[in-house]
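Because the structure is a prediction, the values reported are computed rather than measured. All values below were derived from every heavy atom in this structure, side-chain atoms included, with hydrogens, water molecules and symmetry-related copies excluded. Convention: sequence-line order gives letters A, B, ...; per-chain numbering from 1.
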Amino acid sequence: MQVSFNLATDIEAALLAAAKAAGLDAQAFSPDVRTADPRHGDFQANGVLAFAKREKQNPRAVAEKLVAAIDPTTRERYAVSIAGPGFINFAAQPSTLLEWLRTYGSESGLQHGAAAGYAGQTWVVDYSSPNTAKQMHVGHLRSAVIGEAICRLLAFSGAKVIRDNHLGDWGTQFGKLIYGFKRWANPAALEHDPIEELERLYRLGNDATPEGSAALEEARQELVKLQSGDPENAALWRKFTEASQRAFDQIYSRLGIRFDHYLGESFYNDKLDRVYRELTELRIAEESKGALVVFHDEVPRFSRNAERPNPFMVRKADGASGYASTDLATALYRTEHFKADGIVVVTDFRQGDHFEQLFLTVEKWFKATGRRLPKLNHVTFGAVLGENGKPLKTRDGGTIKLKDLLDEAEERALAVVRAKNAERPEADRFSDEECRSIARVVGIGSVQYADLSQNRSSDYIFSWDKMLSLEGNTAPYLLYAVARIRSIFRRGGLGDPSDTSSWETTATPPATPTECALARKLAKFPDALALATSTLRPHFLGTYLYELAGDFSGFYNADKVIVDDPAERARRVLLCARTLQVLETGLHLLGLRTLQRM
RNA sequence: GCGGUGGUAGCUCAACCGGAUAGAGCAACGGUUUUCUAAACCGUAGGUCGCGGGUUCGAGUCCCGCCCACCGCGCCA
């Protein structure tokens, strides 16, 4: 019997079988297997405690009965012990670890193991979603980085992932922009840096159209013309959209992001009437002060009786559509057209109320129309703060453009790479071009990883020094571990790290404390992956990779890889190869690039 | 006012449906290199988990009350 990808599933199955064999009420018993503190073993089963409590039995006695009934294969694979009030501890034998390392070697092997979780499911992930005709700024960073990592995690676990960039490409701002454009557009500037110019024109348009002015009325007419399909304005709008998309794509390519669709708000323009009609006919929405709204009376703060009523505004009193209606149409389209089993929307936490109301409305709407309801997830994240604890700004208080931020990351990384390069023996030095290419990977990776290594729901403090540090839970530390392993293969003439068949046959089970610690950590990759994916929280994977890199460093320092004894050498080379595999796979899942040398 | 999120070591952060002695990194102190990248490793020190009650064999985690911070609450998404 082959070891399973996630060892915990073997243990769980073994305990359920043991419960049956021991005559326990297997229906009532859930093993509750989880990774354990290494001091206690690799996995622990805590289910006996809850079970014994319910059944009013002595937990210790139940645990003993259960352990006695565990099948021989499992007993061979794990050292099983009972501790404390009734914890059952499982420590994988070195031979079991070796078996796992042999079985799950390649990236496809890992992926095959992971693919069970979401096989056959379609997930639409809505992330980044900037406004067209505007620069992307720091505020867009987290959605892009977290969203991409989530896409990759879901895809690795077997889902068909549809990356949808829900652009803010429709709305009142375009009236003012067209107004400004028609009066003050500078063709040369538009050619050179279109977004910069469009922002300038919007500002001019906005400043020229104060509340109550005739100019504002003109700007509104431009909007009306656009919305009713006026060829001139429609052409301008397309021009804005195309220029924006080119600018966005430059950022996305630096971040390793590629969307399948750019279905912005404008796309849903002709799909709103159906939303109004259905919601009205179904009496989910109602008229209130001229607007079309949905109250959710079962939730006090969305109830019509709330002290400050906060209805879901499907259509505004002036007849204009708001983002609520667009988002409803979007949910419908994703369900009908993409046949989504799950929808993930990655935006900041301030939109929490909106999405809660949206999801409540969608649930009622789809139930009333007999539609299948996808899993709806609002993935939120906190603000990006400067080191003073306030929202991150430029020195003079302006908004930081995402492009500038990425440039600075690369520059700062380049300074470090060059400094380290100068300390290197002359024969090992990088060319200037190599330094730059390393700095790109390190710089961008540092920004991505700083975001991903932290629990997304809290605000995070943006610190160049911390994210570019070679110490601690940072991208450079992880990339360095990768580069070191590659270096071992290069220097030792060990061939391609992804071809390990000969090492697998010669290797003996891990023996030294650091080898064992590393092997045990490697076998826990599936658990970290599953946790990160199911909770849509990439930091669980990041934390794991950091611990893995730490265990590797400990091993690297204590155990020389290139030794004479063939078996010893083979098992260490195998550990290196697998660590490399897991680190690279994991970093790629988070959206980072990795390096051969650094 | 109602609601959301957060409060863990001097600082930045972990802690998976309630589990074993709350863990890392930085900063501080001490050690390791004729050895595959010292951008590393090992060690020491550092805690009333915001405060007060409660539930439980067991609470940073769940419940109640309170304090503090940030945020949301009809036309920006």
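- Within 4.0 Å of A:Y460, counting heavy atoms only, lie sugar-phosphate atoms of the nucleic acid but no base atom.
- Closest to the side chain of A:N46, out of B:G72, B:G74, B:G19, is B:G19.
- Using a 4.0 Å cut-off between a side-chain N of Lys or Arg and a carboxylate O of Asp or Glu, A:D428 and A:R491 qualify as a salt bridge.
- Judged purely by distance below 3.5 Å, without hydrogens or angles, the side chains of A:R578 and A:T500 pair a donor atom with an acceptor atom.
- Among the atoms of the strands shown, base atoms are found under 4.0 Å from some heavy atom of A:A483.
- Aromatic ring pairs are classed by plane angle as parallel below 30°, tilted from 30° to 60° and perpendicular above 60°; the pair A:W464 and A:F462 is perpendicular.
- Taking the P atom of each, B:G6 and B:C42 are spaced 32 Å apart, rounded to whole Å.
- Between A:F555 atom CZ and B:C42 atom P the separation is 14 Å, expressed in whole Å.
- Whole-Å rounding puts the A:Y546 OH to B:G23 C1' distance at 11 Å.
- The base of B:A20 sits with one of its N or O atoms less than 3.5 Å from a complementary donor or acceptor on the side chain of A:N89.
- Judged by closest nucleotide on RNA chain B, A:Y480 is the one of A:Y480 and A:F355 placed further toward the 5' end.
- B:C76 atom P lies 16 Å from atom CG of A:D348, rounded to whole Å.
- Across all strands shown, A:R537 has no heavy atoms under 4.0 Å from either base or sugar-phosphate atoms.
- Within the nucleic acid shown, A:L385 has no heavy atom closer than 4.0 Å to any nucleic acid atom.
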Start with the C-alpha distance between A:D559 and A:T512, add both sets of side-chain angles, then the distance that settles side chain to side chain donor-acceptor pair (under 3.5 Å), and finish with yes or no. CA-CA 8 Å; A:D559 300 317; A:T512 71; 2.8 Å; yes
Give me the distances for all protein-to-nucleotides 14-17 of chain B N/O pairs that come in under 3.5 Å?
{"from": "B:A14", "atom 1": "OP1", "to": "A:N455", "atom 2": "N", "distance (Å)": "2.8"}
{"from": "B:A15", "atom 1": "OP1", "to": "A:H539", "atom 2": "NE2", "distance (Å)": "2.9"}
{"from": "B:C16", "atom 1": "N4", "to": "A:T35", "atom 2": "OG1", "distance (Å)": "2.9"}
{"from": "B:C17", "atom 1": "N4", "to": "A:D32", "atom 2": "OD1", "distance (Å)": "2.4"}

Please write out each protein N/O paired with an N/O of nucleotides 29-35 of chain B under 3.5 Å, distance rounded to 0.1 Å.
{"from": "B:U35", "atom 1": "O2'", "to": "A:K560", "atom 2": "NZ", "distance (Å)": "2.9"}

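- Under the 4.5 Å side-chain criterion, counting only non-hydrogen atoms from C-beta, A:Y333 is in contact with A:K271.
- Proximity of residues 466-477 of chain A to RNA chain B (heavy atom under 4.0 angstrom from any strand atom) is restricted to A:K466, A:L470, A:E471, A:G472, A:Y477.
- Between B:G31 and B:G50, the distance separating the two C1' atoms is 38 Å to the nearest Å.
- The residues A:K524 and A:E547 are annotated as not salt-bridged, no charged nitrogen and carboxylate oxygen being separated by less than 4.0 angstrom.
- As rounded to the nearest Å, B:G25 and B:C67 have C1' atoms that lie 30 Å from one another.
- In this structure, A:K420 places its NZ atom 6 Å from P of B:A39, rounding to the nearest Å.
- Using a 4.0 Å heavy-atom criterion, one finds that A:I461 contacts the sugar-phosphate atoms exclusively.
- The separation of B:C51 from B:G58, taken at their C1' atoms, amounts to 23 Å, rounded to a whole angstrom.
- Exactly one of A:Y268, A:F267, A:Y262, A:Y127 qualifies for a ring pair (Phe, Tyr, Trp, His ring centres under 6.0 Å) with A:H166. That residue is A:Y268.
- If you take CG of A:D459 and C1' of B:U5, they are 8 Å apart, rounded to a whole angstrom.
- Rounded to a whole angstrom, the distance from the C1' atom of B:C76 to that of B:A15 is 38 Å.
- Atom pair A:K390:NZ and B:C70:P shows a separation of 9 Å (rounding to whole Å applied).
- Rounded to a whole Å, the CD atom of A:E356 is 8 Å from the P atom of B:G4.
- Between A:M467 and A:T474 the shortest heavy-atom distance is O-CB, 3.8 Å.
- Comparing B:A40, B:C71, B:G74 against the side chain of A:F349 picks out B:C71 as the nearest.
- The phosphate of B:A22 has neither OP1 nor OP2 within less than 4.0 Å of any side-chain N or O from A:R39.
- When distances are taken from the side chain of A:R308 to each of B:A38, B:G1, B:G19, the shortest belongs to B:G1.
- With both ends at atom P, the span from B:G10 to B:C64 equals 30 Å, rounded to whole Å.
- Within 90° of 0 lies the glycosidic angle of B:G74, which makes this nucleotide syn.
- Taking the ring centroids of A:F312 and A:F302, they lie at or beyond the 6.0 Å cut-off.
- Here A:D169 lies out of heavy-atom contact (under 4.0 Å) with every strand.
- The nearest whole Å value for the distance from the CD atom in A:Q44 to the C1' atom in B:G18 is 12 Å.
- Judged by distance alone, the side chains of A:H296 and A:T361 do bring a donor and an acceptor atom under 3.5 Å apart.
- Taking only side-chain nitrogens and oxygens, A:R491 comes nearer than 4.0 Å to OP1 or OP2 of B:U37.
- Listed nucleotides B:C36, B:G74, B:U56 differ in distance to A:K53; the shortest reach to its side chain belongs to B:U56.
- Taking atom P in both B:G65 and B:C11, the straight-line distance is 30 Å, to the nearest Å.
- At a threshold of 4.0 angstrom between heavy atoms, the contacts of A:A83 include nucleobase atoms, whether or not backbone atoms are also involved.
- Picking from B:C71, B:A20, B:A38 the nucleotide with the shortest atom distance to the side chain of A:Y556 gives B:A38.
- The gap from the C1' atom of B:A9 to that of B:U5 amounts to 23 Å, rounded to the nearest Å.
- Checked against the 6.0 Å centroid threshold, A:F90 and A:F43 do not count as a close aromatic pair.
- The salt bridge (Lys or Arg N to Asp or Glu O under 4.0 Å) with A:R520 is formed by just one residue from the set A:D527, A:D37, A:D42; it is A:D42.
- Comment: A:E387 does not engage A:K466 in a salt bridge, judged by the lack of any side-chain N to carboxylate O separation of less than 4.0 angstrom.
- Across all strands shown, A:D126 has no heavy atoms under 4.0 Å from either base or sugar-phosphate atoms.
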